[in-house]
Student: 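Before we start, here is the structure in question, set down as C-alpha cells.
Below, each value reflects all heavy atoms present in this structure, side chains not excepted, and no hydrogens, waters or symmetry copies. Order of listing sets the numbers, starting from 1, for every ligand and every atom in it. The model shown is predicted, which means the values in this text are computed figures rather than measured ones.
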Amino acid sequence: MGLNPLRALWNRLNRSLNPASIDVPFHLHDIGPREVRAVTRVLRSAWINTGPETRAFEQELKAFVFPADAPNASVVCLSSATAGLFLALKAAGIGPGDEVVVPVCTYTASAAAVVHAGATPIPADVDGWSLLGPAQLAPCLSPRTRAVIGVDLGGLPCDVVALKACLEAHRGLFLGGSPTGLCARLGRPLLLVDAAHSIGARMGRPLRAAASFPDFAVFSFHAVKNVSTADGGAICMNLPDGETAPFEKALRLWSLHGQSRTALEKMAPGAWKYDIAVPGYKFNLTDIEAALGRVQLARFPEIEAAKQTIAQRYDRALAEVPRLSIRPRMLEADTGPACVGARLASHHLYMVNVAGWSPEDRDRAIAAAAAEGVALNVHYLPLPMHTAWKERGWQMDAFPMAKALSENEVSLPLYSRMTGSQVDRVIEVFSGLVKSPSAH
Ligand SMILES: Cc1ncc(COP(=O)(O)O)c(C=O)c1O
C-alpha cells in the first residue's frame, strides 16, 4: 500500500532536499505567552507546591462544569486522571471482592485504576460509537458490581442517563449483594465517567457540561489533552445531599499522605504539628501546573474553535473519499425516555474507520504516512489485545463490536496549532492511502 509511486517519490525527494517541508506530528501543545507568564509568576512567588493556584483552578473548573446552583458539586485536582479514577473508587470503599464494569475500547488506565483499588474490572463491549451503552452494561452486572466506568472515547460523551437508568432497573440485584458505604446509600453502583478526553463535551436538554451528569467525572490534563497542565487530572463530583463534603474531604486526605494539614498550612509559624489519619498517597497537583491549567482553561474556547475549524475542514475534504466513515462529533437526541438528549463531543480526536481495511492494511497505511512525514494514530487497540489484560483471560472475540470498530480505525492529527498546509498535507496523504488500489 502507498501513495501513487511517482507522487511518493516526489514527496520523498522534496522532503530530503527541503528540511522545511511539511511534516505533521500527531500532536503539538498550545502553550503561549499567557501560560509562560502565569507559570513564571508562580515560580517567582513564595509557594510552588499545592496551594492557592490549585484551589483557584478547582473553582474555575467547577464553574466551567457545573451550573451556579449546584450545591453538591465539587472539583478536586490531582496529579493525573489515573490517580483520580483510582482515588474515587478507593475513597468510596470499593476494593477486594467488588466488581467494576469497564468498556474495552479505552486506554489501559480506565481498567488499571480498578486493579489498583483491589477490585475486579469486568470488561464490556461497546456500542456503534465505541462507547459503553446500557445494552453492553446489563450483561456485565452482578450482585458484586459496585461501580461502572463509562469512557468518553475521543471526546464523545457516553449516555450517562441511559446507563443510570440501567443501574436503577437492576437495583434489586445489587441490594442482594449487601453493598456498603456510598453504594449502599445510593442503592446502586457508582457511575464514574473517564472523561480524560472530554473536557468541553456537552449534552442534555438544554445542553450542559457532560461532566456534570455522573456521580464522578475524571478529567486528564496530560500533555495531549484539550486543557493541559503537562500532567494532571481532576475529579468532578456531584453526589446526593450530604455526601459531597465528606467525600471531598476524604479525597483530599487520601491524595496527600493522609495528612491532617496541607504542606502550605504546615508552613505557617507554629503550625508544624499534624496527624496522619490514613496511610495515604501522593497525588496532588502543584501550583505551577495549576497556573498552566488556569490559562489553558481560560483559552479553551479559542483552542476548541481552532480544532473545530480543522475538523470541519477534514469533514469537507474527506466526505467524498470512498469507504471512509468519520466518527460523529454530535449525536442527535434518541427518542427513548431514558435518554440524555443530544451529545456534543469535545474536539479531542478525529477518528475515522476505513471499511475493508484489515489491521495489517491499517498498520501499512500508518507506516506509509509516517514515511511521508505524517503521524497517524489508533485509539485504541482494545484492552484484550494487550498482554496484561489477555493474561486475565480477556479475549478479543468476546467483544465483537470493539473488534470491528478498532481494526480499521485511524486517528488524524488534530491540534490548535496545525497550519493550513499541515491540514492539507494530512488530507492529501491520508486520502491518497485510502484511495490507493492496493489498500485492501
Ligand atoms: C481514556 C483515558 N483514560 C485515562 C487516561 C489516563 O490519563 P492520565 O495520563 O492523566 O492518568 C488516558 C490518558 O491518555 C486516557 O486516554
Student: Mark up the atoms of ligand 1 that fall under 4.0 Å of a heavy atom belonging to T106, in ascending order.
Tutor: 1 (C)
Student: For T54 and D287, does a side-chain donor sit closer than 3.5 Å to a side-chain acceptor?
Tutor: yes
Student: In terms of side-chain geometry, is the basic nitrogen of R252 or E248 positioned less than 4.0 Å from the acidic oxygen of its partner?
Tutor: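 So R252 pairs with E248 through a salt bridge.
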Student: Under 4.0 Å from a heavy atom of G232: give me the atoms of ligand 1 that qualify, with their elements.
Tutor: 10 (O)
Student: Looking only at protein heavy atoms, which one is nearest to atom 12 (C) of ligand 1, and how far off is it?
Tutor: Y107 CD2, 3.6 Å
Student: Have a look at ligand 1 and work out which part of S80, if any, has a heavy atom under 4.0 Å from it: side chain, backbone, both or neither.
Tutor: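 Near ligand 1, S80 shows its backbone as well as its side chain.
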Student: Kindly assign one of parallel, tilted or perpendicular to the pair W357 and F430, based on the angle between their ring planes and the thresholds 30° and 60°.
Tutor: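 W357 vs F430 ring planes: perpendicular.
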Student: Does Y380 come within less than 4.0 angstrom of ligand 1, counting non-hydrogen atoms of the residue?
Tutor: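 True for this residue.
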Student: Please state which protein non-hydrogen atom is closest to atom 10 (O) of ligand 1 and give its distance, to 0.1 Å?
Tutor: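 Among all protein heavy atoms, the one nearest atom 10 (O) of ligand 1 is S220 OG, 2.7 Å.
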Student: What I want to know is whether A81 and ligand 1 share at least one N or O pair that is separated by under 3.5 angstrom.
Tutor: yes
Student: Which residue and non-hydrogen atom of the protein lie closest to atom 4 (C) of ligand 1, and at what distance in Å?
Tutor: D194 OD2, 3.3 Å
Student: Table please: side-chain donor-acceptor pairs of residues 217-225 below 3.5 Å, with sequence neighbours left out.
Tutor:
residue	atom	partner	partner atom	Å
S220	OG	H222	N	3.1
H222	ND1	V224	N	3.3

Student: Counting both backbone and side chain atoms, is some N or O of T82 under 3.5 Å from an N or O of ligand 1?
Tutor: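 Yes, there is a polar N/O contact under 3.5 Å.
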Student: For W129, what residues pass the ring pair (Phe, Tyr, Trp, His ring centres under 6.0 Å) criterion, not counting sequence neighbours?
Tutor: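 In terms of ring pair (Phe, Tyr, Trp, His ring centres under 6.0 Å), with neighbours along the sequence ignored, W129 is linked to no residue.
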Student: Find out whether the Lys NZ or Arg CZ of R329 is both under 6.0 angstrom from the six-membered ring centre of Y350 and within 45° of the ring's axis.
Tutor: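 Pair R329/Y350 does not count as cation-pi.
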Student: Would you say the side chains of N72 and N238 form a donor-acceptor pair under 3.5 Å?
Tutor: no
Student: Nearest protein heavy-atom contact for atom 13 (C) of ligand 1: which residue, which atom, what distance?
Tutor: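 I find the closest protein heavy atom is K225 NZ, 3.4 Å.
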Student: Please identify which atoms of ligand 1 are closer than 4.0 Å to at least one heavy atom of A196.
Tutor: 2 (C), 3 (N), 4 (C), 5 (C), 12 (C), 15 (C)
Student: Check if A83 has a non-hydrogen atom at a distance under 4.0 Å from any atom of ligand 1.
Tutor: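 It does not, in that no heavy atom of A83 comes within the 4.0 Å cut-off of ligand 1.
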Student: Looking at E168 and R188, does any basic side-chain N land under 4.0 Å from a carboxylate oxygen?
Tutor: yes
Student: Please identify which atoms of ligand 1 are closer than 4.0 Å to at least one heavy atom of A109.
Tutor: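 Those atoms are 4 (C), 5 (C), 6 (C).
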Student: Any carboxylate oxygen within less than 4.0 angstrom of a Lys/Arg side-chain nitrogen, looking at E372 and R425?
Tutor: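 Yes, this pair counts.
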